[in-house]
Amino acid sequence: MRTKSDFPNINAKKPDGMRPEGTPFRVLIVDDSMFVAKQISQILNSEGFEIIGTAKDGLEGVEKYKELHPNVDLVTMDITMPNMDGVTALKNIVEFDPKAVVIMISALGKQELVKQSLLAGAKNYIVKPLDRVKVLERITSVLKNL
């Protein structure tokens, strides 16, 4: 009987979530929607990223970032959240750590807020509804440029 080792995968690629030396990129997810946070988490976990924390609003996101710093490689940040919106949270994180890598998550029709985010230091943005390929493309393009 043949086993999987008898059929090497000629298309094998290194997972997007792994650094060249083999350690995973560490991600903090900030989103008030449990569904979206879980969706991002599943997409990133499937590519080897390590989710080191989640936060349900901007205020908690800033606190978690400060608590986990310097062990955060990337933050995904929803724009519209209660208590503190994503743009304000982004500004607080960048003020605390100018080298922070934050990618904004936005609903359609929020172009002005996305523009404000990019001017405030966000490295890129992803538009909902989330598309696995686009999420990974945006995140890996930012991480490659670090």
Q. Going through the distances and angles, do Gln42 and Lys38 end up as a side-chain contact (heavy atoms from CB on, under 4.5 Å)?
A. CA-CA 6 Å; Gln42 288 173 337; Lys38 187 171 177 70; 3.7 Å; yes

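- Residues Ile51 and Ser41 come closest through the heavy atom pair CG1-OG, 3.6 Å.
- Judged purely by atom type and a 3.5 angstrom limit, Thr88 has no side-chain atom pairing as donor or acceptor with the backbone of Met84.
- When the side chains of ILVMFWY residues are joined at heavy-atom separations under 4.5 Å, either directly or via intervening members, Met18 and Val142 end up in two distinct hydrophobic clusters.
- Once rounded to the nearest 0.5 Å, the distance linking CG of Asn92 with CG of Leu59 reads 8.5 Å.
- The CG atom of Leu68 lies 11.5 Å from the CD atom of Glu63; values are rounded to the nearest 0.5 Å.
- Nearest heavy atoms, Glu60 versus Thr54: OE2-O, 3.7 Å.
- A search for side chain to side chain donor-acceptor pair (under 3.5 Å) contacts involving Asn83 returns Asp57, not counting sequence neighbours.
- Using a 4.5 Å heavy-atom cutoff, the side chains of Gln111 and Lys115 are not in contact.
- Across Asp131, Ile40, Ile103, a single residue satisfies side-chain contact (heavy atoms from CB on, under 4.5 Å) together with Ile126, and that is Ile103.
- Across all their heavy atoms, Ala107 and Val127 have their closest contact at C-CG1, 4.4 Å.
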- Task: Go through the steps for Ile93 and Met77 under the test side-chain contact (heavy atoms from CB on, under 4.5 Å), then give the verdict.
- Result: CA-CA 11 Å; Ile93 288 173; Met77 176 82 66; 3.7 Å; yes

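- Nearest heavy-atom pair across Met104 and Ala122 is CG-CB, 3.6 Å.
- Residues Ile105 and Ile79 form no side-chain contact, since every pair of their non-hydrogen atoms from C-beta on lies 4.5 Å or further apart.
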Sequence neighbours excluded and cut-off under 3.5 Å, please list the side-chain donor-acceptor pairs for residues 132-139, or say none.
residue : atom : partner : partner atom : Å
Arg132  : NH1  : Ser46   : OG           : 2.7
Arg132  : NH2  : Glu47   : OE2          : 3.3
Arg138  : NH1  : Tyr125  : O            : 2.5

Show me the side-chain donor-acceptor pairs of residues 23-32 shorter than 3.5 Å, one per line, residues at least two apart or across chains.
residue : atom : partner : partner atom : Å
Thr23   : OG1  : Arg19   : NE           : 3.2
Thr23   : OG1  : Glu21   : OE2          : 3.0
Arg26   : NE   : Asn71   : O            : 2.9
Arg26   : NE   : Asp73   : OD2          : 3.4
Arg26   : NH2  : Asp73   : OD1          : 3.4
Asp31   : OD1  : Ser33   : N            : 2.9

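- Residues Asp78 and Lys128 are paired through a salt bridge, judged by an N-O separation under 4.0 Å between the basic side chain and the carboxylate.
- How far CG of Asp16 is from OG1 of Thr140: 5.0 Å, rounded to the nearest 0.5 Å.
- Within a 6.0 Å sphere centred on NZ of Lys64, heavy atoms belonging to other residues, nucleotides or ligands number more than 12.
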Checklist entry - Run the side-chain contact (heavy atoms from CB on, under 4.5 Å) check on Leu130 and Phe35 step by step: do they pass? => result CA-CA 11 Å; Leu130 299 177; Phe35 173 76; over 6 Å; no

